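Heads up: the structure comes next, in structure tokens.
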Amino acid sequence: MMQTQVVVIGGGAAGMMAALSARQAGASVTLLEPNEKLGRKLYITGKGRCNLTNNTTPEGVLNNVPRNGRFLYSAVTKFPPGAVMEYFEKLGVPLKTERGGRVFPCSDKAADVIDALFFALKKEKVTIRRARAMGLEMTDGRVTGVKLEDGVLPAGAVILATGGVSYPGTGSTGDGYRFAREAGHKIVEPRASLVPLVEDGDTCARMQGLSLKNVTLTVKNQKKKVIFQEQGEMLFTHFGLSGPLVLSASAHGDWSKDRYTAIIDLKPALDEAKLEARILRDVSEAPNKAFHNFLEGLAPRLMIPVLCEKADIPPDMPVNTMTKGQRRRLMETMKHFTIPIAGTRPVKEAIITAGGVKTGEIDPGTMMSKKTRGLFLAGEVIDVDAYTGGFNLQIAWCTGRAAGESAARYAEEERA
């Protein structure tokens, strides 16, 4: 086979950016992707709208990376969100910024981002091969090619951008961890991040399908320490909790080792004095209402039977007979609606994977392996992950860019 200077394994966000960056740096590039379509995981990001970065500073990105943020400093500084936005605008994808700095295509279509990258790859004459990498070819401590089912594809440099193990239907098989291990790397055990939470009980199942907006979610560990607190949206499901707030909270806990409790403030805009005043006013306006009917002015209908039960107030009781103690319990339930958490959903249901190749074994400036020369890494295969809001794709773009440019430079130096 004719030698290609740079081979990129994986056609997701990081892989496509790496391939384009290596090509634009002057290398000939082959992108390996077994899926029929490139960027399959991009189709499902941002609920199909593709939240492709966050309109913030490099420091703003790093503040949203709970682990190993310092490793990303060089990559995110060289290719910050502003540059990413400019890059996609030049590719013909008009962008808009929404709440929390989240950046989306104006069309609200993830397909527009993927198509723009695909056409850029075609225009730059990147060779796209529908093939699965079986392993790395290594000689004297450096990568010299990629093993395919039908032989070896020689390479001056190889970029590993295989993703993690979340959403296996999109092609995230975990192969990259095996390749990295064969190249001498240690793998931090992959685990779910940005993943729904499973309740210990059946409270959520009774309210399945109910979406809450403008509530505050607090998550505490066994020692009652707050590990997460934020206001936003969430959802009750047949297994527990989901939605933006919950996915963000999941990135903060060590769910396999500790036990956690989710506490929902249903009325964060009202302190207890204002909430009590509101309840007393509503009672005075309809003193003969049954308690469960009275609650319709305070909470969603699906929640009312559970609120009655948690506050230990009979649903048919006339509201004007509510005692001070019952009113106190109602306020406590509404400000501290508690759900014990049993753990997370499986890693295959996670938006991203935490864990991966140890950052200490990768050069943060070039993304080259410190264990095997000529091997570069980008994206989710590395042990870095962030909260929701476009930060994980920002990591994919900037590490892909750094790996692509560095791999092209390395391959050219090796050939000289």
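Predicted model, so just to flag it, every value in this text is computed and none were measured. Just so it is clear, the values below take in all heavy atoms, side chains as well, and ignore hydrogens, waters and symmetry mates.
What you find for Ala133 and Leu148 is that their closest heavy atoms are CA-CD2, 4.1 Å. Between Leu194 and Ala251 the shortest heavy-atom distance is CD2-CB, 4.1 Å. Across all their heavy atoms, Val195 and Arg345 have their closest contact at CG2-O, 3.7 Å. Between Ala13 and Leu393, the shortest heavy-atom distance links the atoms CB-CD2, 3.6 Å. Taking all atoms of both residues into account, the shortest heavy-atom contact from Leu210 to Pro300 is CD1-CB, 3.6 Å. Contact detail for Val219 and Trp255: the closest heavy-atom pair is CG1-CH2, 4.1 Å.
In this structure a side-chain-to-backbone donor-acceptor pair under 3.5 Å is present from Ser406 to Thr366. Between the side chain of Glu380 and the backbone N or O of Gly163, no donor-acceptor pair lies under 3.5 Å. No donor-acceptor pair closer than 3.5 Å links the side chain of Glu361 to the backbone N or O of His185. Remark: side-chain polar atoms of Glu405 are not paired, donor with acceptor, to backbone N or O of Arg409 under 3.5 angstrom. Put simply, the side chain of Asn63 gets close to the backbone of Glu59: a donor and an acceptor are under 3.5 Å apart. Between the Thr53 side chain and the Gln394 main chain, no donor and acceptor come within less than 3.5 Å of each other. When atom types are taken as modelled, the side chain of Asn55 and the backbone of Gly101 share no donor-acceptor pair closer than 3.5 angstrom. The closest donor-acceptor contact from the side chain of Asp363 to the backbone of Met367 lies at 3.5 Å or more, if one exists at all. Between the side chain of Asn221 and the backbone N or O of Lys223, at least one donor-acceptor pair lies under 3.5 Å. In this structure, the side chain of Arg373 does not engage the main chain of Arg142 through any donor-acceptor pair within 3.5 Å.
Judged as a side chain to side chain donor-acceptor pair (under 3.5 Å), and not counting sequence neighbours, the contacts of His252 are Tyr387. Scanning for side chain to side chain donor-acceptor pair (under 3.5 Å) contacts around Arg178 gives Glu182, with sequence neighbours left out. In this view, Thr388 and Ser248 satisfy the side chain to side chain donor-acceptor pair (under 3.5 Å) rule, not counting sequence neighbours. Taking the side chain to side chain donor-acceptor pair (under 3.5 Å) definition, one finds that Asp271 meets it with nothing, sequence neighbours left out.
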Stepwise side chain to side chain contact (heavy atoms under 4.5 Å, CB included) test for Thr237 and Cys204: CA-CA 6 Å; Thr237 71; Cys204 298; 5.7 Å; no

Check against side chain to side chain contact (heavy atoms under 4.5 Å, CB included), Lys370 and Ile362: CA-CA 5 Å; Lys370 292 179 180 178; Ile362 303 167; 5.8 Å; no

Audit row: Lys96, Val103, side chain to side chain contact (heavy atoms under 4.5 Å, CB included) steps and yes/no: CA-CA 6 Å; Lys96 59 181 176 178; Val103 177; over 6 Å; no

Side chain to side chain contact (heavy atoms under 4.5 Å, CB included) assessment of Met303 paired with Phe236: CA-CA 10 Å; Met303 207 171 205; Phe236 293 109; 3.9 Å; yes

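Atoms OH and CD1, on Tyr177 and Ile187 in that order, are 7.5 Å from each other to the nearest 0.5 Å. In this structure, CD in Glu98 is found 11.5 Å from CG in Asn54, a value given to the nearest 0.5 Å. The CG atom of Asp385 sits 4.5 Å away from the CZ atom of Arg67 when rounded to the nearest 0.5 Å. Atom CG of Leu32 is separated from atom CG of Leu153 by 6.0 Å, given to the nearest 0.5 angstrom. One distance of note links CD1 of Ile264 with CG of Leu266; it measures 6.5 Å at 0.5 Å rounding. One distance of note links CZ of Phe337 with OG1 of Thr203; it measures 6.5 Å at 0.5 Å rounding.
Environment of NZ in Lys123: sparse, with no more than 12 heavy atoms of neighbouring residues, nucleotides or ligands closer than 6.0 Å. Shown here is Lys186, whose NZ atom has no more than 12 heavy atoms of other residues, nucleotides or ligands within 6.0 Å. The local environment of NZ in Lys371 is sparse, with at most 12 non-hydrogen atoms from other residues, nucleotides or ligands closer than 6.0 Å. Around the CZ atom of Arg130, the shell of radius 6.0 Å holds more than 12 heavy atoms that belong to other residues, nucleotides or ligands. Heavy atoms from other residues, nucleotides or ligands lying under 6.0 Å from CD of Gln222 number more than 12. Atom NZ of Lys358 has 12 or fewer heavy atoms from other residues, nucleotides or ligands within 6.0 Å.
When Arg327, Lys335, Arg328 are each tested for a salt bridge (charged side-chain N to carboxylate O under 4.0 Å, His left out) with Glu272, only one passes: Arg328.
Side-chain contact check for Asp282 versus Leu298: some heavy-atom pair is nearer than 4.5 Å. No side-chain heavy atom of Val6 sits under 4.5 Å from any side-chain heavy atom of Thr30. Counting heavy atoms from C-beta on, the side chains of Glu233 and Leu245 never come closer than 4.5 Å. Side-chain contact check for Phe179 versus Leu375: every heavy-atom pair is 4.5 Å or farther apart. Considering only heavy atoms from C-beta on, Trp397 comes within 4.5 Å of Leu52 through its side chain. In this structure the side chain of Glu199 never reaches within 4.5 angstrom of the side chain of Leu241, judged on heavy atoms. Side chains of Arg401 and Leu20 form no contact here, defined as non-hydrogen atoms less than 4.5 Å apart. Using a 4.5 Å heavy-atom threshold, the side chains of Met368 and Tyr410 count as touching.
Ion pairing between a basic and an acidic side chain is recognised when a charged N comes within 4.0 Å of a carboxylate O; Glu412 and Arg415 show such pairing. One finds no salt bridge joining Lys109 and Asp115 here, because no Lys/Arg side-chain nitrogen approaches an Asp/Glu carboxylate oxygen to under 4.0 Å. Arg129 has a carboxylate O that lies under 4.0 Å from a charged side-chain N of Asp150, or vice versa, which qualifies the two as a salt bridge. Between Arg132 and Asp175, at least one side-chain nitrogen of the basic residue sits less than 4.0 Å from a carboxylate oxygen of the acidic one, meeting the salt-bridge criterion. At a threshold of 4.0 Å, the pair Arg206-Asp202 does not count as salt-bridged, since none of the basic side-chain nitrogens sits closer than that to a carboxylate oxygen.
Within the structure, every pair that satisfies the side-chain hydrogen bond (donor to acceptor under 3.5 Å, both in side chains) test and touches residues 9-24, not counting sequence neighbours, is listed here: Gln24-Glu124.
Checking Asp383 against Thr359 by side-chain atom types alone, no donor-acceptor pair falls below 3.5 Å. Thr144 and Glu137 share no side-chain donor-acceptor pair at under 3.5 Å. Counting only N and O atoms by type, the side chains of Thr216 and Asp265 include no donor and acceptor under 3.5 Å apart.
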Please list, one pair per line, the donor and acceptor atoms closer than 3.5 Å that link side chains of residues 69-88 to other protein atoms, with sequence neighbours excluded.
from  : atom 1 : to    : atom 2 : distance (Å)
Thr77 : OG1    : Tyr73 : O      : 2.5
Glu86 : OE2    : Lys90 : NZ     : 3.2

